[in-house]
Engineer: 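I have a structure here, written as structure tokens, and I will follow up with some questions on it.
Every value quoted in this text rests on a predicted model; they were computed, and no experiment measured them.
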Amino acid sequence: MRIATWNVNSVRIRAALVADFLERVQPDVLLLQEIKCEAHQFPGDAFAAAGYRAEVFGQKSYNGVAVLSREAVEVRARGLPGEAEGAAARYIEVGLRDVIIGNLYLPNGNSGGADGFQAKLDWMARLRVHAAALMATDRDFVLAGDYNVCPTDADYAKGALGADDALVRPESRAAFRALMWLGLTDAVRALHPAETLYTFWDYQAGAWQRDRGLRIDHALLSPRMAERLESVVIAKAERDRTQPSDHVPVMVTIGD
DNA sequence: ATGCCGTTTGTGAAACGA
């Protein structure tokens, strides 16, 4: 099973790019973040032509997540347990065959001052509680998406972020580690422990041309999924296309 | 220290992003 995740920064602007990726790469599942639209605005026809159906959890203007798949999936949840009614659309979870797939868009945490940063930590705490519940079911699962956390100093280019940025703050990293310590495996680091790898390059200040990137899009695997992990691909070439997202896809291949 | 760019809303300028 091949599962890809991609923060597309508006699915309507980039529907053709996403459809082209689907046709070339043909993952079983593509998890989208920051679709920036409501479900009725989602360009599903562009993806249906490539052979994909969509499950959407959207909202007006901001955030929004969706799951594209060749086979029908069962939607297990829209939103995380414990979220307030009307909270930002940042999590959708589906079941496909024997696997549970959680698609997440974690808050950035740099806006809104101390309260905004605390909201990021609160969201991470809810994600950890939910991940613990998934572990307790003994089901196989993947939690993938835009985590908005650089787990270590090896995960961002020097000068790309300040030391007090919410993506690298000790509290954000501690929350990420607390998630990992439940027994999850970072798919990229399992297979590429020491490579300099990024999944995001800012539009500004020539970040792409200067390779000032961040590794913030992650796929965390439950123990048996980690045993079945065969390969990971960071589709870096997508960043060089016309009018690209600032993120590129990350794809994991899980053997049978 | 700030803007650098890009998207949405709505048709201006501002919010938000990482």
Engineer: Using the P atom as the reference point in each nucleotide, state the distance between B/dA18 and B/dG12 in Å, no decimals.
Structural biologist: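 Taking atom P in both B/dA18 and B/dG12, they lie 29 Å apart.
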
Engineer: I need the A/L80 CG to A/I92 CD1 distance, nearest 0.5 Å.
Structural biologist: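 Reported to 0.5 Å precision, the distance equals 12.0 Å.
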
Engineer: Less than 4.0 angstrom between a side-chain N/O of A/H247 and OP1 or OP2 of B/dG17, yes or no?
Structural biologist: no

Engineer: Out of B/dA18, B/dA15, B/dT7, which has the shortest distance to the side chain of A/Y62?
Structural biologist: B/dA15

Engineer: When rounded to the nearest Å, what value does the distance between P atoms of B/dG3 and B/dT8 take?
Structural biologist: 23 Å

Engineer: Here's a test of your reading of the structure: between A/D165 and A/Q204, which maps to the more 5' nucleotide of DNA chain B?
Structural biologist: A/Q204

Engineer: Between B/dC4 and B/dG17, how far is it from one C1' atom to the other, in whole Å?
Structural biologist: 14 Å

Engineer: Has A/R12 got a side-chain N or O lying under 4.0 Å from the OP1 or OP2 atom of B/dT9?
Structural biologist: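 Looking at the OP1 and OP2 atoms of B/dT9, one of them is under 4.0 Å from a side-chain N or O of A/R12.
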
Engineer: Would you say the side-chain atoms of A/E93 pair up with the backbone N or O of A/G102, donor to acceptor, closer than 3.5 Å?
Structural biologist: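 Between the backbone of A/G102 and the side chain of A/E93 there is no qualifying donor-acceptor contact (under 3.5 Å).
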
Engineer: Strictly under 6.0 Å, is that where the ring centroids of A/F176 and A/Y147 end up?
Structural biologist: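 Yes - the distance between ring centres of A/F176 and A/Y147 falls below the 6.0 Å cut-off.
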
Engineer: Assign A/I216 to base, sugar-phosphate, or nothing according to its heavy-atom contacts below 4.0 angstrom with the strands shown.
Structural biologist: sugar-phosphate

Engineer: Please tell me which of the listed nucleotides, B/dA18, B/dT9, B/dT7, lies nearest to the side chain of A/K60?
Structural biologist: B/dT9

Engineer: Sticking with atom C1', work out how far B/dG10 lies from B/dA14, rounded to a whole angstrom.
Structural biologist: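 About 12 Å, rounded to a whole number of Å.
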
Engineer: For A/N7, report the nucleic acid contact type (base, sugar-phosphate, nothing); a contact means any heavy atom under 4.0 Å.
Structural biologist: sugar-phosphate

Engineer: Indicate, with a heavy-atom threshold strictly under 4.0 Å, whether A/Y105 touches base, sugar-phosphate, or nothing.
Structural biologist: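 Sugar-phosphate only.
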
Engineer: If only side-chain N and O atoms of A/S61 are considered, is one of them under 4.0 Å from the OP1 or OP2 phosphate oxygen of B/dT7?
Structural biologist: no

Engineer: Counting N and O atoms only, with roles assigned by atom type, does the side chain of A/D45 sit under 3.5 Å from a partner on the main chain of A/F47, one being a donor and the other an acceptor?
Structural biologist: no

Engineer: Does OP1 or OP2 of B/dG6 have a side-chain N or O of A/R14 closer than 4.0 Å?
Structural biologist: no

Engineer: Under 4.0 Å between a side-chain N/O of A/N148 and OP1 or OP2 of B/dA18, yes or no?
Structural biologist: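 Answer yes for this pair, as a side-chain N or O of A/N148 is under 4.0 Å from OP1 or OP2.
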
Engineer: Reckon A/D146 touches a base, only the sugar-phosphate, or nothing at all at heavy-atom distances under 4.0 Å?
Structural biologist: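 The answer is sugar-phosphate, as A/D146 gets under 4.0 Å only of primed atoms, P, OP1 or OP2.
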
Engineer: If we ignore angles and hydrogens, is there a donor and acceptor under 3.5 Å between the side chains of A/E83 and A/W123?
Structural biologist: yes

Engineer: What interatomic distance, in whole Å, is found between P of B/dT2 and the corresponding atom of B/dA13?
Structural biologist: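 Taking atom P in both B/dA13 and B/dT2, they lie 23 Å apart.
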
